[in-house]
Number of protein chains: 2
Amino acid sequence: MQKISDARTIQALMHKNGLTDIFGPDVTGMELRTYADREMICSMGDTLDGLYVLVSGKLKVYTLLPNGKTMLLRFSRPPALIGDVEWMAQYPVKNNVEAVGACSLLVITRELILEKQANNPAFLWFMIQNLSHKLYTLGNASAMNLLYPVENRFASYLLSLISEENSTGQAEEIRTSTLTETAEMLGTSYRHLNRVIQRLIQEGVLVRKKGRLLILNEIKLRELAGNHLYN
Amino acid sequence: MQKISDARTIQALMHKNGLTDIFGPDVTGMELRTYADREMICSMGDTLDGLYVLVSGKLKVYTLLPNGKTMLLRFSRPPALIGDVEWMAQYPVKNNVEAVGACSLLVITRELILEKQANNPAFLWFMIQNLSHKLYTLGNASAMNLLYPVENRFASYLLSLISEENSTGQAEEIRTSTLTETAEMLGTSYRHLNRVIQRLIQEGVLVRKKGRLLILNEIKLRELAGNHLYN
DNA sequence: ATTAGAAAAGGACATATGTCCTATTTGCTA
DNA sequence: TAGCAAATAGGACATATGTCCTTTTCTAAT
């Protein structure tokens, strides 16, 4: 993780992400942090030092279950807030947030929030809209998790991870976890996930290549994914 | 549903539920509505005319899935907000909210919110804390739905429904749905729910009596429920 | 008391998934 | 290049759950 203090860069990102309308044009106390692939933005048990706004890249958000396993909550893309639930309502951090590829986040420090924004209706509305959106999408994901079997959910997971197509017209999985970790996050066993992968290979939807999964039939995969559970 | 306009009653309930601190002492534009058992507070597709605050009784909140089935989201007890997600972020109503027993709700009308509260930081903070709490508990419920089999989830469901113990020391299920509806809301089949009930009867946890389920071993039921999924 | 419809109960068979374990492959380090 | 640990793959057996259907019980109306 690297901190960047260049005020012009920060100002430009704020403007680009509509944050100037909320915080006003002359705000100070904002930081820009960049993270490398797989770097943790925050982990369970952490105390957050502010709110984080994802302004570029993608994040994987997952939680730890009582049985020690993990469970994927969502992938986040800009603009997304990290830490709003825990910080505002003063709950302990219970989700892990991990960079998928390089990411940049603006950090709204605690002082900025407490001293200047706690009574700013524009900022509070921003929070409300963000929380409502998360509640809405988590409700959808929760329903789909209960309703759909692993095949559909894995299809959605893959679609959340594919890189741009290479020159052969195929999309390639961005490997962010081992298959064991992926199985855990999808709430299934490694054994069963492998059955699902095997079946998708037999159906010509996927192919293994050098330890990666290539998507041969993206249309079919989207069909299987239905509503994107993890977006 | 009955509307009650007595200002003294409304003022007393506001004070009792801490709403005077938020809205101020001289607020007008609030309504009190009482609902009978099984009456709908709102249904999918409705347009809400304000925010609802549950001040007495209990509500069952469930959603409709793409396959036409329902799924239980939570039981709500006072103080709980209804309609905050949909109204604030202008999403369509996608949950059904149904009274379990007699209920009373204060309705904060649209005019009151738009004209007097939209820039009231105390009110906005109230919203934020409510949304954060819902997000936190839905995340827990989502995880448990994925992690625990029907037996545990049904145990939690029953514990959310029991009335006070009768003189024989047993708790009795408040029947709010047919078993078919209950199975749907728990995301399982009627057949499987009946297997689970059969097993719990064989284990001496439950007994059937005149079409109702009596809880014989509440300790065991709480053990099975673990974290209360639906509270 | 009877009847009809709804709700409940459960058989039979199927699929989805979990657990436990062994074998093979891959990747990294020396 | 070799060795070792981790990751991957899959067999065998088990449990959880779904689907489809028939039978039984319950409830409400007459």
Side-chain angles (χ1 to χ4, degrees), chain A residues 38 65-72 143-158 172-203 206-214 224-226 229, chain B residues 38 65-72 143-158 172-203 206-214 224-226 229:
Chain A
R38 303 201 63 153
L65 298 175
N67 64 353
K69 296 189 170 185
T70 59
M71 190 188 82
L72 181 67
M144 300 309 167
N145 274 337
L146 197 57
L147 188 66
Y148 288 112
V150 170
E151 183 174 68
N152 305 102
R153 297 193 276 114
F154 181 60
S156 178
Y157 175 84
L158 282 180
E172 179 176 351
E173 172 203 20
I174 304 174
R175 178 60 61 89
T176 67
S177 317
T178 66
L179 287 180
T180 301
E181 285 168 349
T182 300
E184 277 195 21
M185 283 196 276
L186 294 176
T188 189
S189 67
Y190 167 79
R191 184 67 190 93
H192 191 55
L193 180 59
N194 215 38
R195 288 189 192 108
V196 167
I197 292 173
Q198 189 64 33
R199 192 188 315 142
L200 291 173
I201 290 172
Q202 282 170 353
E203 288 170 13
L206 299 180
V207 68
R208 291 191 213 264
K209 200 167 186 179
K210 293 180 178 164
R212 293 304 177 96
L213 292 169
L214 265 68
L224 287 170
L229 280 71
Chain B
R38 303 199 66 152
L65 298 174
N67 65 353
K69 296 190 172 186
T70 59
M71 190 188 83
L72 181 66
M144 300 311 166
N145 273 338
L146 198 55
L147 187 67
Y148 288 111
V150 169
E151 183 173 68
N152 305 103
R153 298 193 275 113
F154 182 59
S156 178
Y157 175 84
L158 283 181
E172 180 177 349
E173 171 204 21
I174 304 174
R175 179 59 61 89
T176 66
S177 318
T178 66
L179 287 178
T180 302
E181 285 167 349
T182 300
E184 278 194 19
M185 284 196 275
L186 294 176
T188 188
S189 69
Y190 167 79
R191 185 66 190 93
H192 190 57
L193 180 60
N194 214 38
R195 288 188 192 109
V196 167
I197 292 173
Q198 191 62 35
R199 194 187 315 138
L200 291 173
I201 290 172
Q202 281 170 352
E203 290 170 12
L206 299 180
V207 69
R208 289 191 213 265
K209 201 166 185 178
K210 293 179 179 168
R212 293 303 178 96
L213 292 169
L214 264 68
L224 286 169
L229 280 71

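Proteins come first, then strands; the chains are lettered A, B, ... in the order of their sequence lines, and each starts at number 1.
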Can you tell me the distance, in whole Å, between the CG atom of N152(B) and the P atom of dT15(D)?
-> 16 Å
OP1, OP2 of dA16(C) versus side-chain N and O of T188(A): anything below 4.0 Å?
-> no
In whole Å, what is the span from the OH atom of Y190(A) to the P atom of dT22(C)?
-> 17 Å
Taking atom C1' of dT8(D) as reference, at what distance in whole Å does atom CZ of R212(A) sit?
-> 14 Å
Between dT17(C), dT17(D), dA8(C), which nucleotide has the shortest distance from any of its atoms to the side chain of H192(A)?
-> dT17(C)
With a 4.5 Å limit on heavy-atom distance, are the side chains of T178(A) and Y190(A) in contact?
-> no
Here the distance between atom C1' of dT17(C) and atom OH of Y148(B), to the nearest Å, is 17 Å
side-chain N/O N194(B) vs dA8(C) OP1/OP2, d < 4.0 Å = no
Whole angstrom is fine here: how far is it from CG in L193(A) over to P in dA7(D)?
-> 15 Å
T178(A), nearest nucleotide to its side chain (from dT8(D), dA8(C), dG18(C)) = dT8(D)
To the nearest Å, how far apart are L147(A) CG and dT17(D) P?
-> 15 Å
Would you indicate whether the side-chain heavy atoms of T188(A) and V196(A) approach each other to under 4.5 Å?
-> no
Whether N152(A) side chain and L224(A) backbone form a donor-acceptor pair below 3.5 Å | yes
About how many Å separate CD of E151(A) and CG of L186(A), when rounded to the nearest 0.5 Å?
-> 12.5 Å
Report yes if a donor N or O on one partner sits less than 3.5 Å from an acceptor N or O on the other, where the partners are the side chain of R195(A) and the base of dG11(D); otherwise report no.
-> no
In whole angstroms, how far is the C1' atom of dA16(C) from the CZ atom of F154(A)?
-> 17 Å
Whole-Å distance separating the CD atom of E184(B) from the P atom of dT17(D) | 17 Å
Hey, does E151(B) reach any base, or is it just sugar-phosphate, or nothing, if we go heavy atoms under 4.0 Å?
-> nothing
Does Q198(A) have a side-chain nitrogen or oxygen under 4.0 Å from the phosphate oxygens OP1 or OP2 of dA9(D)?
-> no
Look at the side chain of R191(B) and the base of dG11(C), then say whether one donor and one acceptor between them are separated by less than 3.5 Å.
-> yes
Would you mind classifying the nucleic acid contact of S189(A) as base, sugar-phosphate or nothing, using non-hydrogen atoms under 4.0 angstrom?
-> base
Measure from the side-chain heavy atoms of R208(A) and tell me the nearest of dT17(D), dG10(D), dA16(C).
-> dG10(D)
Residues T182(B) and S177(B): closest non-hydrogen pair is OG1-CB, 3.8 Å
Side chain of L179(B) only, please: which of dA9(C), dG18(C), dA9(D) is the nearest?
-> dA9(C)
Of the listed nucleotides dT17(C), dT17(D), dA8(C), the one nearest the side chain of V150(A) | dT17(C)
